[in-house]
Student: 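Could you have a look at this structure, given as structure tokens, before my questions?
Hydrogens, waters and symmetry mates are skipped; everything else that's a heavy atom, side chains included, is used. The model shown is predicted, which means the values in this text are computed figures rather than measured ones.
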Amino acid sequence: MTEIVSEIMLSIDGAARGEKSPAYYGYTGPEFMAWLAQKSAQPNRTLIGRKTLDALSGVPEAYQDDDYRKMTKNPGWVVSSTLGSAGWPGLIVLGSGFLDTIRAERAGQDAEIRTMGSLSIVRQLLAANLLDRLRLIYCPLILPQSGVEPFFKGMPDQKFKLEDHRILDGEVVVLDYRPDGAPHYA
């Protein structure tokens, strides 16, 4: 079975992005960048939403390195009810019935399906019991004034099991969780 992995970069207080924050919240230490390169080198298919596609497409040209160009050609899907085409050669546009497509793809033996950001998609995958791993990447800052898109808002109560963890550059914490059913109190 194909694994579905959601990678979410967060501030400690759970903001998925900040109004003023640069890419990766500005944390680009050598271990972190090597870890990102290692992850992007593994075969995977992308699943993102239109907002994430727009944000990634808006990366300034000065930051569009070989890894960026590889990402834009990676096979996968963008979920949108308004796009006719993705603008990235590897992405196919899926509409509101995207969960059926992902469910069918998950049943196969292909490369993992990986979301980047796309909070609404992650929430829908979790609610549909399609998410196999939630990878939270915490950067050591809080954004109580400029943070937007609180990741956990709107999610159902859910229990997780910690599968792996690492600390990169002595500051970025990566936690890999597997969904583990309803909380004990439910």
Side-chain angles (χ1 to χ4, degrees), residues 1-18 21 23-25 35-36 39-40 42-56 71 74-83 86 90-139 142-143 147-166 172-186:
M1 184 167 67
T2 296
E3 190 168 63
I4 300 176
V5 179
S6 290
E7 295 182 340
I8 306 294
M9 182 162 285
L10 301 166
S11 61
I12 293 171
D13 58 349
R17 66 182 178 95
S21 303
Y24 310 120
Y25 292 115
W35 179 79
L36 285 174
K39 285 289 170 198
S40 68
Q42 296 173 347
N44 70 87
R45 293 173 293 161
T46 302
L47 175 62
I48 59 175
R50 185 199 49 80
K51 288 181 187 177
T52 299
L53 176 66
D54 290 347
L56 292 171
M71 174 184 67
N74 199 47
W77 309 270
V78 60
V79 178
S80 173
S81 60
T82 59
L83 288 177
L91 293 183
I92 297 168
V93 177
L94 297 178
S96 60
F98 81 95
L99 288 173
D100 293 333
T101 299
I102 299 306
R103 189 174 283 110
E105 291 291 330
R106 184 176 183 240
Q109 296 294 324
D110 292 322
E112 79 177 14
I113 298 169
R114 191 181 301 164
T115 71
M116 300 177 294
S118 302
L119 305 184
S120 173
I121 290 173
V122 175
R123 290 180 187 121
Q124 291 176 68
L125 291 169
L126 188 59
N129 292 316
L130 291 173
L131 187 65
D132 295 299
R133 190 175 331 154
L134 178 62
R135 180 172 294 132
L136 301 176
I137 305 160
Y138 282 102
C139 294
I142 61 171
L143 303 171
V148 292
E149 293 190 277
F151 173 62
F152 300 104
K153 184 178 180 180
M155 289 184 119
D157 289 356
Q158 175 77 42
K159 184 174 67 163
F160 291 88
K161 180 177 180 169
L162 183 64
E163 292 284 318
D164 193 13
H165 67 283
R166 64 187 50 97
V172 174
V173 177
V174 180
L175 302 171
D176 272 12
Y177 288 102
R178 290 207 181 271
D180 194 32
H184 300 293
Y185 60 80

Student: Are there more than 12 heavy atoms of other residues, nucleotides or ligands under 6.0 Å from atom CZ of F160?
Tutor: yes
Student: Of all residues at least two apart in sequence or in a different chain, which pass the side chain to side chain contact (heavy atoms under 4.5 Å, CB included) check with D157?
Tutor: P183, Y185
Student: To check you understand the geometry: which heavy-atom pair defines the closest contact between G147 and A15, and what is its length?
Tutor: CA-CB, 3.9 Å
Student: Using only atom types and a distance under 3.5 Å, with no angle test, would you say the side chain of R45 pairs donor to acceptor with the backbone of A111?
Tutor: yes
Student: Please round to the nearest 0.5 Å and tell me the distance separating atom CG of D164 and atom CZ of R178.
Tutor: 10.5 Å
Student: Answer yes or no: is there a donor N or O on one side and an acceptor on the other, between the side chain of T46 and the main chain of G76, under 3.5 Å?
Tutor: no
Student: Heavy atoms only: give me the nearest D132-T2 pair and the separation to one decimal.
Tutor: OD2-O, 3.7 Å
Student: Holding to side chain to side chain contact (heavy atoms under 4.5 Å, CB included), I want the full list of residues that pass it with D100, two or more places apart in sequence or in another chain.
Tutor: R103
Student: Indicate the atoms forming the closest heavy-atom contact of Y138 with I12, along with that distance.
Tutor: CD2-CA, 4.0 Å
Student: Using modelled atom types and a 3.5 Å cut-off, is there a donor and acceptor pairing between side-chain atoms of Y25 and backbone atoms of R17?
Tutor: yes
Student: Checking the side chain of Q158 only, and the main-chain atoms of G181 only, is there a donor and an acceptor separated by less than 3.5 Å?
Tutor: yes
Student: Can any side-chain N or O of N74 pair as donor or acceptor with the backbone N or O of N44 at less than 3.5 Å?
Tutor: yes
Student: Looking only at atom types and distance, does a side-chain atom of D13 sit under 3.5 Å from a main-chain N or O of L143, one as donor and one as acceptor?
Tutor: yes
Student: Any ion pair linking K39 and E112 (charged N to carboxylate O, less than 4.0 Å)?
Tutor: no
Student: Hey, is the main chain of L83 close enough, under 3.5 Å, to the side chain of S80 for a donor-acceptor pair?
Tutor: yes
Student: Considering the options L119, L136, T115, L126, which one meets the side chain to side chain contact (heavy atoms under 4.5 Å, CB included) requirement together with S6?
Tutor: T115
Student: Only counting residues at least two apart or in another chain, list the ones meeting side chain to side chain contact (heavy atoms under 4.5 Å, CB included) with D54.
Tutor: R50
Student: What closest approach, in Å, do V79 and G95 show between heavy atoms, and which atom pair accounts for it?
Tutor: CG1-O, 4.0 Å
Student: What are the two closest heavy atoms between A86 and V78, and how far apart are they?
Tutor: CB-CG1, 3.7 Å
Student: Between the side chain of R123 and the main-chain N/O of K153, is any donor-acceptor distance below 3.5 Å?
Tutor: yes
Student: Rounded to the nearest 0.5 Å, how far apart are CD1 of I102 and CG of L125?
Tutor: 7.0 Å
